[in-house]
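One structure below.
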Protein chains: 2
Amino acid sequence: MKKAIARGNPKGMAPPGRSDTGYHHGELQEALIAASEAILAEHGADGFTLREAARRAGVSPAAPSHHFGNAQGLLTEVAIRGYEALAAALLQAASGKRNARDRLHAQGLAYVEFALTHPGRFQMMFANKRLVADDERLRAAIKAAGREFERVVAELAGGTPKQTGIAAAAAWSTVHGFAKLALEGKFGAGNDEAGRREIMRMLVQVLNHLWPRDARDVA
Amino acid sequence: MKKAIARGNPKGMAPPGRSDTGYHHGELQEALIAASEAILAEHGADGFTLREAARRAGVSPAAPSHHFGNAQGLLTEVAIRGYEALAAALLQAASGKRNARDRLHAQGLAYVEFALTHPGRFQMMFANKRLVADDERLRAAIKAAGREFERVVAELAGGTPKQTGIAAAAAWSTVHGFAKLALEGKFGAGNDEAGRREIMRMLVQVLNHLWPRDARDVA
DNA sequence: CTAATGATCTTAACACCGTTAAGATAGAGA
DNA sequence: TCTCTATCTTAACGGTGTTAAGATCATTAG
């Protein structure tokens, strides 16, 4: 009775993810992750919905559960890739700088740049309650990104590992707080390119203030 | 039209909870705000729902709309009180300290203490998309809290207003980032009293690292 | 080649959510 | 008294995440 039109997409159009053989997707996981990242980019962390992600991937709202369990599972996968991208950005930023202080400044700029370029993804990466916080791979990705940071800080701070930890926490807190406050508009609306430039210029001064080239730069 | 939030009842009466003369509440706004703060305290920023707030206040889901327009309106009111409480905490923390640096440290501790004590409320205060971001009273409350901060920083940084602004942004970024990272568990789970103590101890070291008593404290 | 099996996806339903429209009730003023 | 306005309720709408049950595919066992 209900078979003739029961074929996959009721509108007759093939789903975005190719289905040369029936209605199987083949790469649903990747499609869902890509869709989620697109939603985060377009509507921010609060704009994400699982159903919309499924919609964009061309599947039913229940399909994602077979691959990710629930929305948290999918978002965790997105967050993992986010941390990997962040770690890569931090690594790239530190390369080719002459000294430790320049590397730290470059990483700070890269961190905020990352946050302002991908606000939704960034916010989601730190929305613990929307992720599987104790996921093994997520924890590893976070740790890897953190190490990328500590590596540079260690050169500056020297001393005991504990002192390095403090210095890293200080640097991370500062750039993270700056990024968060900037995203919430506390440093002026950074919507257009001009506002964004202004924010980055302010960040340079903040970094120069807290990690000066030498004592004279403070005054 | 609507609105104007006509506050206060002409003939002072009607005890809270539910009037004995039918179904009028008398102080619904306060009841809704209190309920919202309770929800934020119990279930965090993501756990808030307008319907639950109405439920706790003993009214229908549609009742809040007459007083706050929508959920954003109610949460904005909650955020305003949050910023007022934060400003008070910062003011109180700075009082009775011998010098500018001690005042700054005390405010930093108070800021993070505030965040860890009222996580849900704190997160909501910075969840711009869930508030009426351009609300006049909200902006004023934010500015007031910020001024409480700048006032102390100005003593330390001295120099031009611009330099003071940079120094204030640096201090705010650091404590805000530290608070956010702590709330997201990046510095260890701060659920119990022990973890929380550890976090605060780490904060003291971070503050000492970035704003040392004198040059020798860095090394 | 066929049959069975397990992975994948759909349909349908559930309980919630925020918001709105329309109507009932209360209190205050004419 | 009658009317007006603010307040609150009921009922509905479209949206959400999640689940159970069934259909379909891809692969492998016989």
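Naming convention: chains lettered A, B, ... in sequence-line order (proteins, then strands); numbering from 1 in each chain.
The side-chain hydrogen bond (donor to acceptor under 3.5 Å, both in side chains) pairs that include a residue from residues 67-76 of chain A are A:Q29-A:H67, where partners are two or more places apart or lie in different chains.
Remark: A:R196 engages A:E113 in a salt bridge, criterion side-chain N to carboxylate O under 4.0 Å.
Ranking D:dT9, C:dC9, D:dT19 by closeness to the A:H66 side chain, first place goes to C:dC9.
Partners of A:R130 under the salt bridge (charged side-chain N to carboxylate O under 4.0 Å, His left out) rule, at least two apart in sequence or in another chain, do not exist in this structure. Listed by chain and number, the residues in a salt bridge (charged side-chain N to carboxylate O under 4.0 Å, His left out) with A:R81 are A:E30 (sequence neighbours excluded). In this view, A:T174 and B:T174 satisfy the side-chain hydrogen bond (donor to acceptor under 3.5 Å, both in side chains) rule, not counting sequence neighbours. The salt bridge (charged side-chain N to carboxylate O under 4.0 Å, His left out) check on B:R55 picks up B:E52, with sequence neighbours excluded.
Rounded to whole Å, atom C1' of D:dT18 lies 14 Å from atom CG of A:L74. One atom, CD of B:E27, and another, P of D:dT7, lie 13 Å apart when rounded to the nearest Å.
Residue B:H67 places at least one side-chain N or O closer than 4.0 Å to OP1 or OP2 of D:dC8.
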Close N or O pairs between protein and nucleotides 16-19 of chain C (under 3.5 Å):
unit_1	atom_1	unit_2	atom_2	d
C:dC17	OP1	B:T49	OG1	3.4
C:dC17	OP2	B:R55	NH2	2.6
C:dG18	OP1	B:L50	N	2.5
C:dG18	OP2	B:L50	N	3.1
C:dG18	OP2	B:R51	N	2.8
C:dG18	N7	B:R51	NH1	2.4
C:dG18	O6	B:R51	NH1	3.1
C:dT19	OP2	B:A71	N	3.0

